[in-house]
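To start, the structure itself, in structure tokens.
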Amino acid sequence: MDPGPRRTPRLPERADAVLVRWPAAQMAHSITSAVLAGHSRFLAGVAEEHLGVPEDDFWALVRDALLGWRAGHPDRAAEFDALGLLAPEVGRVALNREHRTGGGFHDRAERDAAPDVVHGSVPNPVAAVPAGVPA
């Protein structure tokens, strides 16, 4: 299910007109590859080493934050579920393949419309889902 474009509440109409909207699958990939794999996996190690927060506990906190957002926005729960952020596996970005396709890692602002090169999948660290919550 792809909820499709929708106007962003409280965003000025001029800004909303230029806001990039992605299909649910592409949005989910962006969140899992950029936010979870690209940033949070490093924070998990820092939290464990410097704060004594075990990695599993860190990912449980991330999962709880996601589920908290879902619970706080029941009108958007179907859209959240469509993203599949809690799926057992996520697409693995093949950085070397992406680099070889010619776009490299520079000028990303011009390449954001193109999807990453994905090859295979990896376990999703936030996949442990409480009973009754769709993955």
Side-chain angles (χ1 to χ4, degrees):
M1 174 184 144
D2 187 346
R6 85 186 252 176
R7 190 172 190 308
T8 306
R10 298 179 305 270
L11 193 63
E13 189 172 323
R14 185 172 168 205
D16 189 69
V18 297
L19 180 66
V20 176
R21 290 177 173 80
W22 291 341
Q26 194 171 348
M27 177 66 76
H29 171 74
S30 179
I31 293 168
T32 58
S33 66
V35 179
L36 298 179
H39 297 289
S40 297
R41 71 180 170 119
F42 296 108
L43 293 175
V46 170
E48 185 162 29
E49 183 177 336
H50 296 283
L51 302 173
V53 177
E55 187 172 352
D56 288 346
D57 291 352
F58 174 86
W59 289 113
L61 291 169
V62 173
R63 182 176 48 256
D64 289 349
L66 291 170
L67 292 172
W69 186 93
R70 183 187 185 278
H73 299 85
D75 59 317
R76 310 282 305 261
E79 292 172 69
F80 177 91
D81 295 344
L83 291 175
L85 296 178
L86 304 175
E89 294 186 337
V90 295
R92 179 177 64 92
V93 177
L95 295 177
N96 289 335
R97 290 175 187 212
E98 177 143 341
H99 188 66
R100 287 190 315 218
T101 61
F105 305 113
H106 58 283
D107 298 330
R108 292 299 298 180
E110 296 175 13
R111 297 188 68 238
D112 276 347
D116 293 327
V117 175
V118 176
H119 182 73
S121 61
V122 294
N124 182 354
V126 296
V129 183
V133 177

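Throughout, numbering of the chain's residues begins at 1 and tracks the sequence.
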Task: Any pair counted as ring-ring contact (aromatic ring centres under 6.0 Å, His included), so long as it reaches residues 46-70, sequence neighbours left out - done: W69-H73
Open item on the list: If you count heavy atoms of other groups shown closer than 6.0 angstrom to CG of D64, is the number above 12?
Closed with: yes
- [ ] Would you sort out whether D81 and R70 count as a side-chain contact (heavy atoms from CB on, under 4.5 Å), showing the intermediate values?
- [x] CA-CA 9 Å; D81 295 344; R70 183 187 185 278; 2.7 Å; yes
TODO: With rounding to the nearest 0.5 Å, note down the distance linking CD1 in I31 to CG in L66.
DONE: 8.5 Å
Open item on the list: If hydrophobic clusters are built by linking Ile, Leu, Val, Met, Phe, Trp and Tyr wherever their side-chain heavy atoms come under 4.5 Å apart, do L51 and V62 end up in the same one?
Closed with: yes
Task: Transitive ILVMFWY side-chain link L43 to V126, under 4.5 Å - done: yes
Task: Non-hydrogen atoms of R63 and P125 that approach each other most closely - done: NH1-O, 3.9 Å
Task: Heavy-atom pair with the smallest gap, counting every atom of A127 and A87 - done: CB-O, 3.4 Å
Task: Atom pair CD (E49) and CD (E55), whose distance is rounded to the nearest 0.5 Å - done: 12.5 Å
Open item on the list: Could you report the tightest heavy-atom contact between G52 and P54, atom names first, then the distance?
Closed with: O-CD, 3.2 Å
TODO: Work out which heavy atom in L85 is nearest to a heavy atom in N124; give both atom names and the distance.
DONE: O-ND2, 2.7 Å
